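Down below is the structure, laid out as structure tokens.
Only a predicted model underlies this, so the values are computations on that prediction, with no experimental measurement involved. Every chain is numbered from 1, with letters handed out A, B, ... down the list of sequences.
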2 protein chains.
Amino acid sequence: MTHVSSRQKITIKDVARKADCGIATASRVLNRSGPTSAEARRRVEEAARELGFSFSAIGRALQSSRSMTIGCLVPSLANPVFAEAVQGVQEALSKTGYQLLIASSNYDGEADCAAISTLLDKGVEGLVLTMVAPERSAALDRARARGIPLSLMFHDPIDGLPTAHVDNFEAAREVARRFADLGHRRTAFLALRFSSSDRSRNRYTGFCDACRACGLPDPALIELSEAEANTPELLATLLGKLDGLTAIFASNDFLAIAVQKAVRLRGKKVPQDLSVVGFDGIEIGRLLDVPLATIETAPDAIGRQAAQTLLDLIQGKDCAQQPPLPFNFRAGATLAPPRPEFRDDDQGATWPPSVHSLETDLKQG
Amino acid sequence: MTHVSSRQKITIKDVARKADCGIATASRVLNRSGPTSAEARRRVEEAARELGFSFSAIGRALQSSRSMTIGCLVPSLANPVFAEAVQGVQEALSKTGYQLLIASSNYDGEADCAAISTLLDKGVEGLVLTMVAPERSAALDRARARGIPLSLMFHDPIDGLPTAHVDNFEAAREVARRFADLGHRRTAFLALRFSSSDRSRNRYTGFCDACRACGLPDPALIELSEAEANTPELLATLLGKLDGLTAIFASNDFLAIAVQKAVRLRGKKVPQDLSVVGFDGIEIGRLLDVPLATIETAPDAIGRQAAQTLLDLIQGKDCAQQPPLPFNFRAGATLAPPRPEFRDDDQGATWPPSVHSLETDLKQG
DNA sequence: CATCCGTGTGAAAACGTTTCCACACGTCTG
DNA sequence: CAGACGTGTGGAAACGTTTTCACACGGATG
């Protein structure tokens, strides 16, 4: 039944020799391509089975220039949103025989250029990308020049590249409207790596846009360092400086939960003293003591759509840009009206405070 | 500067022709292997630059049978623990020029066999695996027979295969001891996909072992279906049936947080009415209203260690099994002594209730 | 009986590399 | 000056496939 551990790789030549036929015939039988006699089929199949033969994808790729591999680049798999998206890509691909070659950039623009090059050299037939700066990336241009099918994830449409995304701008507007409806006026937008993420930026601009449309003053923009995001104490002192703030929109759920913690540290309460809304819709948000209000998205669906688009592209269909995937505002107890005394007060310090002074304050503190 | 979009792939032949030299020379220059004249170097390098040449990894792999690719199989990237581990593998590998080909099994033993075969066919030079059933997997045997370097993640040592793991058994014992020290007697162990995860099983046996050693009755074993895990209401009714239970050990943090939610749903409090300890040490646990007590592990470190071991193996060092990676009990407010009236009471129903009856109850409910 | 066709077959080219080998130069040694 | 040696060099083989091409064989058609 099982076979001796032949350290040496078995090739189709071995099969052909054992079946006493030409390589071409063996190939035809094993691939069910081209005509073969019943007798030849029998002999080849037996030989292949006995030898435990299986094709070398490398030889095959070289000859046919089809590697059956697609490349995927995300900033980091440590971020569950990206990990889920990759899982989605994986699922869509696994039914088709394609394999996934992955790379992560760690939010470094240089690194993701380099990664794309390496993937290209490996002969991937297509690329699913979430980049740091897709607007101008030399590697991306190289890929397009080579005619490699491309599909983006999470990015808003750029340059005619197909992308699977939710409409960050619209989603953020919805949050602003909810704040306005409840009577909030002094709001803030909280982001990590703001400058290196077009997703965060689009959420911010959408948020600002709708604030204006609703007659609210501009939101304060708070850009956190990693240290601040991971240390609720730092976040707490930072929040303390935002006088009169009643509602905060965090650009992901993890930050939103950190804000809740920071508020508790200051002896205040969510939502009475501060309303919080997150983004992403992670499952744990539901299970919290005060369930998190957030924008639900489905990263796995993004991955699946991106993969499907890529497959279509590879097959030559030139598919139009898909509409954005739906998002859903999930109500949660972290969002409520502000305390009455905070309604309609535009007295006191101007709003929003300048971001610059905030940062300076923080560095001093 | 940039070049026309030559749809056609540029090979080393083109470079050689343009530099007016043989292929061998071009190869030697570009690889800095073997001797070359200054003049040849100049011409080849210029030609390569002008043509925008880069090597085809496929051609290279075929010739040298070094694919510079390693395969990685995990149950699912939707589980942040595995995703982080893969990120760790990635990091360790990226410094070495290896690329990662990934596959996920969705907790299906058949699928992970198939995936290993595909990876093998793609010519991976090594495999980093977290499997459903590593004890006996045909594909795994094939890999060993072929002499492909293997390294496992999360599994306890089996069969002489190197593995990067934390000592699940020991970690679980520590939890039992903490329970005992605080005066808990009636405990339970909560797991998802218990039967298909040796990790959960080892935690359970360790937990049982230490319970006995501390003179506690055996813990109740609660094996959840996906539906129960995701629906706090179901979990709540389930908990209601466990009379006298004062402490529960969940085999991951997500379950532990779900338990907290379920307890709240029943109008009870953690830790006063039920102590909860999780496993994994996810960051969010710290930020909860009642911070989660848990066993901290470092999945990325597991990934890095597994990758490093594999690299060593590939380079022919036969490295001994590494000791388990350290875990750390993280104290948290979800763990406290039981209410006094529950101390030392072995009256009432026998403990543990039979798992079977529990399940039946649930199906009826 | 000469042709034509369809079926099954195997040799060989091609895919892009690396590396072995042989060879053509010089320069040094005896 | 004959030989040995070192340095660059390019042709060609090899890696494992797929596919083109030519051919051989038999049966049907003129």
- prompt: With sequence neighbours left out, what residues match A:S54 under side chain to side chain contact (heavy atoms under 4.5 Å, CB included)?
  reply: A:K9, B:D121, B:R142, B:R146
task: For B:S67 and B:K122, test the side chains for any donor-to-acceptor distance below 3.5 angstrom and give the result as yes or no.
output: no
Contact list (N/O, under 3.5 angstrom) for nucleotides 4-6 of chain D vs protein:
none

message: Test of understanding: with side chain to side chain donor-acceptor pair (under 3.5 Å), list the residues that count as partners of B:Q90, not counting sequence neighbours.
response: none
query: Which pair of non-hydrogen atoms, one from A:L119 and one from A:L101, has the smallest distance, and what is that distance?
result: CD2-CG, 3.9 Å
- request: Using side chain to side chain donor-acceptor pair (under 3.5 Å) as the criterion, list what pairs up with A:Q305, not counting sequence neighbours.
  value: none
message: For A:R193, give me all partners under side chain to side chain donor-acceptor pair (under 3.5 Å), at least two apart in sequence or on another chain.
response: A:E226
- request: Calculate the interatomic distance between A:R43 atom CZ and C:dG8 atom P; express it in whole Å.
  value: 14 Å
message: Could you tell me how far apart A:R17 (CZ) and C:dG10 (C1') are, to the nearest whole angstrom?
response: 15 Å
- prompt: C:dC25 C1' sits how many Å from B:E39 CD, rounded?
  reply: 17 Å
field: For A:Y98, ring-ring contact (aromatic ring centres under 6.0 Å, His included) partners two or more places apart
entry: none
- prompt: Within the structure shown, what part of the strands sits under 4.0 Å from B:A40 by heavy-atom distance: base, sugar-phosphate, or nothing?
  reply: sugar-phosphate
message: Applying salt bridge (Lys or Arg N to Asp or Glu O under 4.0 Å), can you list everything that pairs with B:K95, at least two apart in sequence or on another chain?
response: none
Check nucleotides 23-27 of chain D for protein N or O atoms closer than 3.5 Å to its own N or O atoms and list the pairs.
none

- request: Classify the side chain of A:R41 and the base of C:dG8 as holding, or not holding, a donor-acceptor pair under 3.5 Å.
  value: no
- prompt: Mind checking what makes salt bridge (Lys or Arg N to Asp or Glu O under 4.0 Å) contact with B:R41, not counting sequence neighbours?
  reply: none
message: According to side chain to side chain donor-acceptor pair (under 3.5 Å), who are the partners of A:N31, at least two apart in sequence or on a separate chain?
response: A:S27, A:R60
For A:R199, all residues meeting salt bridge (Lys or Arg N to Asp or Glu O under 4.0 Å), sequence neighbours excluded: none
Any B:S37 side-chain nitrogen or oxygen under 4.0 Å from OP1 or OP2 of D:dT9: yes
task: Quick one, give me the B/S/- string for nucleotides 13-18 of chain D, reading 5' to 3', where B means a protein heavy atom under 4.0 Å from the base and S means that only happens at the primed atoms, P, OP1 or OP2.
output: -BBBBB
